[in-house]
Amino acid sequence: MGPELWWQLLLFLLHLLGASGFATAPDSDFTFTLPAGRKECFFQPMQRQASLEIEYQVLDGAGFDVDFHLVSPTGETIVFEQRKSDGVHTVETQDGDYMFCFDNTFSTLSEKVIFFELILDNMGDDEQQEDWKKYITGTDLLDMKLEDILESVNNVKSRLSKSIQIQTLLRAFEARDRNIQESNFNRVNFWSMVNLGIMVVVSAVQVYMLKHLFEDKRKTRT
């Protein structure tokens with residue numbers, strides 16, 4: 001293999017890494033606070049024959065529940081859930097904007113902290129991946145087919161994306177568990193103080209009643 005082919009292979013790998021590894025990822029996640037009695041909606045533009053996966057969790061708030069619904073670009077309700085703490089939904093998409101909403105109108109006092117993540121697949125990456133062919137010639141002299149290199153790089157990218165997704169979900173689970181523990185801790189402290197106050201009052205009443213029973217009420221004549 002001559003030096004020219006090595007340079008072409010190097011240019012191909014740099015282009016592939018730039019297109020696959022350092023490009024802006026379509027996946028995204030977001031955490032927001034949903035006030036009591038409010039409803040928040042988000043929109044995600046999608047392409048035909050792509051895939052949209054939505055995962056959400058209620059991290060904090062009384063009941064840890066929220067209403068969720070997903071609407072297609074034609075106005076059709078795809079998913080509708082009531083009083084759920086988490087959920088995962090995957091749909092095959094068409095051209096247009098998908099709307100998904102989180103509804104806390106059933107709660108009049110408690111706000112909710114909600115985390116959601118969007119995972120987009122088949123969003124036109126194939127056209128970008130085909131551009132690498134113009135950077136290389138003489139593939140019959142290479143020991144490894146460029147298609148195999150492309151498949152290996154895509155596998156690495158897919159596994160890295162999956163690792164990032166799992167780490168993000170683990171952080172969300174950790175935040176939710178921490179909020180539950182803090183809520184339980186505050187509740188235990190509150191009722192402990194209430195019980196302590198009741199015990200003090202009951203003890204004072206018992207002492208008073210015992211003292212009153214043993215008082216000598218007879219009048220002494222002099």
Side-chain angles (χ1 to χ4, degrees), residues 24-46 50-93 96-121 123 161-206:
T24 302
D27 302 344
S28 59
D29 57 85
F30 187 56
T31 302
F32 70 101
T33 299
L34 182 61
R38 291 284 300 276
K39 175 181 177 181
E40 293 288 347
C41 294
F42 302 87
F43 294 87
Q44 175 61 47
M46 296 297 298
S51 175
L52 170 63
E53 180 178 339
I54 303 177
E55 180 166 356
Y56 70 91
Q57 295 182 40
V58 181
L59 302 181
D60 195 13
F64 290 89
D65 54 0
V66 73
D67 293 347
F68 172 82
H69 65 273
L70 175 64
V71 180
S72 70
T74 59
E76 177 186 1
T77 299
I78 303 175
V79 178
F80 180 72
E81 295 181 329
Q82 292 182 304
R83 309 295 289 270
K84 292 290 186 178
S85 61
D86 56 72
V88 182
H89 304 284
T90 304
V91 295
E92 299 298 325
T93 62
D97 294 335
Y98 282 76
M99 180 180 71
F100 56 99
C101 299
F102 300 93
D103 192 346
N104 194 31
T105 55
F106 60 85
S107 177
T108 57
L109 297 176
S110 176
E111 64 181 18
K112 306 294 172 63
V113 178
I114 300 174
F115 162 85
F116 69 87
E117 182 179 22
L118 301 180
I119 301 176
L120 314 180
D121 290 328
M123 291 292 290
S161 300
K162 190 66 176 179
S163 299
I164 294 174
Q165 176 190 356
I166 293 174
Q167 290 175 359
T168 302
L169 293 179
L170 289 177
R171 287 196 298 269
F173 280 121
E174 180 185 0
R176 180 179 177 182
D177 292 341
R178 183 174 64 253
N179 291 329
I180 293 175
Q181 291 176 358
E182 291 177 355
S183 177
N184 292 337
F185 177 76
N186 294 330
R187 189 178 295 112
V188 169
N189 285 341
F190 172 77
W191 286 111
S192 297
M193 294 301 296
V194 171
N195 290 332
L196 180 61
I198 293 175
M199 291 175 61
V200 170
V201 173
V202 170
S203 300
V205 172
Q206 289 178 344

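Counting from 1, the numbers follow the sequence of the chain as shown. Since the model is a prediction, treat every value here as computed from it, not as a measurement.
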Peer 1: Using the rule side-chain contact (heavy atoms from CB on, under 4.5 Å), only one of Ile119, Thr90, Thr93 pairs with Ser51; which is it?
Peer 2: Thr90
Peer 1: For Glu40, what residues pass the salt bridge (Lys or Arg N to Asp or Glu O under 4.0 Å) criterion, not counting sequence neighbours?
Peer 2: Arg38
Peer 1: Under 6.0 Å between ring centres, would you say that holds for Tyr56 and Phe100?
Peer 2: no
Peer 1: Got a sec, which residues hit side-chain contact (heavy atoms from CB on, under 4.5 Å) with Glu76, two or more places apart in sequence or on another chain?
Peer 2: Ser72, Thr74
Peer 1: State, to 0.1 Å, how close Glu92 and Tyr98 come at their nearest heavy-atom pair, and which atoms those are.
Peer 2: O-OH, 4.0 Å
Peer 1: Answer yes or no: are there more than 12 heavy-atom neighbours, outside Glu174 itself, under 6.0 Å from its atom CD?
Peer 2: no
Peer 1: For residues 193-203, please give each side-chain donor-acceptor pair under 3.5 Å, one per line with the distance, not counting sequence neighbours.
Peer 2:
from   : atom 1 : to     : atom 2 : distance (Å)
Asn195 : ND2    : Trp191 : O      : 3.2
Ser203 : OG     : Met199 : O      : 2.8

Peer 1: Where is the tightest heavy-atom contact between Glu111 and Asn104, given as atom of each residue plus distance?
Peer 2: CA-ND2, 4.1 Å
Peer 1: Tell me, which pairs form a salt bridge (Lys or Arg N to Asp or Glu O under 4.0 Å) where one or both residues lie in residues 185-201, sequence neighbours left out?
Peer 2: none
Peer 1: Just by modelled atom types, is the Leu59 backbone N or O under 3.5 Å from a matching donor or acceptor in the Asn179 side chain?
Peer 2: yes
Peer 1: Identify each donor-acceptor pair in which a side-chain atom of residues 60-70 lies under 3.5 Å from a protein atom, sequence neighbours left out, and give them as a table.
Peer 2:
from  : atom 1 : to     : atom 2 : distance (Å)
Asp65 : OD1    : Lys112 : NZ     : 3.0
Asp65 : OD2    : Arg83  : NE     : 2.9
Asp65 : OD2    : Arg83  : NH2    : 3.3
Asp67 : OD1    : Arg83  : N      : 2.7

Peer 1: Are side-chain heavy atoms of Ile54 and Leu118 found at a separation under 4.5 Å?
Peer 2: yes
Peer 1: Given side chains that start at C-beta, do those of Asp97 and Pro73 come closer than 4.5 Å, heavy atoms only?
Peer 2: no
Peer 1: Which atom pair, heavy atoms only, marks the closest approach of Gln44 to Leu120?
Peer 2: NE2-CD1, 3.5 Å
Peer 1: With Thr77, which residues qualify under side-chain contact (heavy atoms from CB on, under 4.5 Å), at least two apart?
Peer 2: Val71, Phe80
